[in-house]
Engineer: 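Submitted below is the structure of interest, expressed as structure tokens.
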2 protein chains.
Amino acid sequence: MGKGEETRQAILDEALALSSQVGICGLSVGALADKAGMSKSGLFAHFGSKEEMQIAVIRESQQRFVDTVVRPALKEPRGIARLRAFLANWMDWTRRARLPGGCPLNAAANEFDDQPGPVRDAVAAGLADGRRMLANSVRMAVEAGELRPDTDIDQFVFEFTGIVLVAMQNMRLFREKDASRRALDAFERLVRDYATERGNSKKE
Amino acid sequence: MGKGEETRQAILDEALALSSQVGICGLSVGALADKAGMSKSGLFAHFGSKEEMQIAVIRESQQRFVDTVVRPALKEPRGIARLRAFLANWMDWTRRARLPGGCPLNAAANEFDDQPGPVRDAVAAGLADGRRMLANSVRMAVEAGELRPDTDIDQFVFEFTGIVLVAMQNMRLFREKDASRRALDAFERLVRDYATERGNSKKE
DNA sequence: GGCTTTATAGCACGAACGTTCGTTTTTGGT
DNA sequence: ACCAAAAACGAACGTTCGTGCTATAAAGCC
């Protein structure tokens, strides 16, 4: 890896941290250059445009999410246990990823959801990827016989995601400490509704 | 009402529409003045600072939400029916309020959740107000005997809010049309879990 | 209708924005 | 050690940002 890739990565690290606090559109070239300890033009050359930079940050954010949340959860056995691990990791992934604020991808999703263009597309692609992965894990839980065979997988993913979103909001905006506990409780209730006897008995 | 209040209201109407597309921090004095058909300084005089303007927009947004979502739902009888109406109204409130984009309050919540200050406080206050109102309606459903007496009201509000948030995301970012149907389905499942026999039989 | 109060416009300011360009420094292969 | 290539810099561009002033126009009261 050349020097170029190296500093580009350093820039993205800094960009991730900054955007987790001020969002993607609040992230400016000048401010980022300051944080990264280099000149505006030097930093700019790595991306070619602000839009490209934003997209790079989004991709990096997604990548980091996979490394921090998804990959570790895959060590759990398929089924409900893995889903639970997934949720637990999700709950404090920005802390684990050493980000000072919230999830940049989530912030970007709310900023660009009504502004068509490549940035919005990148955000949607990133989130869709996460959901696809989530849907796969749910399907495995069905195949493992822990969730009922007639489980509406997309509906399960829908409700799971809802739990994550509200937990994020409670944590970040309201600074409530019991947010992740509530999320876990909601998850257990969700699972109980969709579980087979076998799947249900697995828990405690 | 003097002329001042009148144009101030017109400005806020325009500001709400604009911020529903570009968010609160994407809303600039110049752009808003253009939309409102007046000069930057003339508009600026109504608020005194950009921050005050942002807060005014947030307050207005909350006000509009109450008029569009909460008030109509209060015509339904107390209990689960009212909660259901509340959700249904919520699902397309920005359309009913003739806003071109998503919920400005929700956008602001994600933009400012990690930036302490008066704007964040205003957003949190607005959202907290909505949750208080929601909690009240849940409590009424308990008192009406439709939800179990041991219902954890805050947990119910938590899960309810999650349904709303994910539905918003699915609608706005992914443009899925079945988002509100999924939300309603999730709501019925939520209610079924917390309902008494009487409350359960109420539905269909 | 005149007069006071209020509202709006016009203009200017310094700062920050994204972007371009030419120059200088650093790097990596030979 | 040298030299081409890559990377970073500094300065400047035109725009837009938020925010002050001062003057003009409109509105409301007697």
Side-chain angles (χ1 to χ4, degrees), chain A residues 1-16 18-19 21-60 104 107-108 111-112 115-120 122, chain B residues 1-16 18-19 21-60 104 107-108 111-112 115-120 122:
Chain A
M1 170 166 65
K3 176 89 193 316
E5 280 304 317
E6 198 174 300
T7 59
R8 187 189 148 101
Q9 194 58 44
I11 292 171
L12 284 178
D13 282 357
E14 218 66 57
L16 228 62
L18 195 51
S19 73
Q21 293 188 280
V22 299
I24 294 286
C25 67
L27 190 147
S28 76
V29 178
L32 182 54
D34 272 6
K35 284 257 178 194
M38 57 188 300
S39 68
K40 264 207 301 182
S41 54
L43 184 145
F44 188 83
H46 282 271
F47 303 99
S49 77
K50 169 158 194 188
E51 210 175 45
E52 289 292 334
M53 184 181 93
Q54 290 174 323
I55 294 174
V57 172
I58 289 163
R59 294 237 170 84
E60 178 70 15
E111 286 167 6
F112 288 93
Q115 295 172 260
V119 180
R120 194 197 118 116
Chain B
M1 170 167 62
K3 176 85 197 313
E5 278 304 317
E6 200 174 299
T7 59
R8 187 190 148 103
Q9 193 58 44
I11 292 171
L12 284 177
D13 282 358
E14 219 67 56
L16 228 62
L18 194 53
S19 72
Q21 292 187 280
V22 301
I24 294 285
C25 67
L27 190 147
S28 75
V29 180
L32 183 53
D34 272 4
K35 284 257 180 194
M38 56 189 299
S39 69
K40 262 207 306 181
S41 53
L43 185 146
F44 187 82
H46 282 271
F47 304 100
S49 79
K50 169 158 195 189
E51 211 175 45
E52 288 292 335
M53 184 180 92
Q54 290 175 322
I55 294 175
V57 172
I58 289 164
R59 295 237 170 86
E60 178 69 16
E111 287 166 5
F112 289 93
Q115 296 173 260
V119 180
R120 193 196 118 118

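Values in this document were obtained by computation on a predicted structure and should not be read as measured data. Chain identifiers are assigned alphabetically (A, B, ...) following the order of the sequence lines, protein sequences preceding nucleic acid strands; residue numbering begins at 1 within each chain.
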Engineer: Taking only residues two or more places apart in sequence or in another chain, which ones pass salt bridge (charged side-chain N to carboxylate O under 4.0 Å, His left out) with B:Asp13?
Structural biologist: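 With sequence neighbours excluded, B:Asp13 shows a salt bridge (charged side-chain N to carboxylate O under 4.0 Å, His left out) to B:Arg64, given in chain and number order.
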Engineer: Closest heavy-atom contact between B:Leu43 and B:Ala36?
Structural biologist: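 Looks like CD1-CB, 4.4 Å.
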Engineer: Take atom CD of B:Gln54 and atom P of D:dC17, then tell me their distance rounded to the nearest Å.
Structural biologist: 13 Å
Engineer: If you compare every side-chain N and O of A:His46 against the phosphate oxygens of D:dA8 (OP1, OP2), does one of them come in below 4.0 Å?
Structural biologist: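 True: A:His46 side-chain N/O within range (under 4.0 Å) of D:dA8 OP1/OP2.
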Engineer: Starting from P on C:dT8, measure out to CG on B:Leu32 and report it in whole angstrom.
Structural biologist: 13 Å
Engineer: Would you mind reading off the distance between B:Gln9 atom CD and C:dA7 atom P, rounded to a whole angstrom?
Structural biologist: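 Checked: the CD to P distance equals 15 Å.
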Engineer: Rounding to a whole Å, what distance do you find between B:Ile11:CD1 and C:dT8:P?
Structural biologist: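 Those two atoms, CD1 and P, are 7 Å apart.
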Engineer: Among A:Glu52, A:Glu51, A:Glu111, exactly one meets side-chain contact (heavy atoms from CB on, under 4.5 Å) together with A:Val119. Which residue is that?
Structural biologist: A:Glu51
Engineer: Between C:dT20 atom C1' and A:Phe44 atom CZ, what is the distance in whole Å?
Structural biologist: 8 Å
Engineer: Nearest to the side chain of A:Lys50 - C:dT8, C:dC17, D:dA8?
Structural biologist: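 Of C:dT8, C:dC17, D:dA8, C:dC17 is nearest to the side chain of A:Lys50.
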Engineer: Can you confirm whether A:Ile55 sits close enough to A:Pro118 that some side-chain heavy atom of one is under 4.5 Å from a side-chain heavy atom of the other?
Structural biologist: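 Yes, their side chains come closer than 4.5 Å.
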Engineer: Spell out, as yes or no, whether a donor-acceptor pair under 3.5 Å connects the side chain of B:Glu14 to the backbone of B:Leu32.
Structural biologist: no
Engineer: Between the protein and nucleotides 9-16 of chain C, which nitrogen or oxygen pairs are less than 3.5 angstrom apart?
Structural biologist:
{"from": "C:dA9", "atom 1": "OP2", "to": "B:Ser39", "atom 2": "N", "distance (Å)": "2.8"}
{"from": "C:dA9", "atom 1": "OP2", "to": "B:Ser39", "atom 2": "OG", "distance (Å)": "3.0"}
{"from": "C:dA9", "atom 1": "N7", "to": "B:Ser41", "atom 2": "OG", "distance (Å)": "3.4"}
{"from": "C:dG10", "atom 1": "N7", "to": "B:Ser41", "atom 2": "OG", "distance (Å)": "2.9"}
{"from": "C:dG10", "atom 1": "O6", "to": "B:Ser41", "atom 2": "OG", "distance (Å)": "2.8"}

Engineer: Specify the separation, in whole Å, of atom CD of A:Glu5 and atom P of D:dA6.
Structural biologist: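 In whole Å, D:dA6 P and A:Glu5 CD are 13 Å from each other.
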Engineer: C:dT27 C1' sits how many Å from A:Glu6 CD, rounded?
Structural biologist: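 Rounded to the whole Å, the gap is 11 Å.
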Engineer: Any side-chain heavy atom of A:Gln9 within less than 4.5 Å of one from A:Glu60?
Structural biologist: yes
Engineer: Quick check: on DNA chain C, is the nucleotide nearest A:Gly48 upstream (toward 5') of the one nearest A:Ala31, or the reverse? Name the residue that is more 5'.
Structural biologist: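 On the 5' side of the pair lies A:Ala31.
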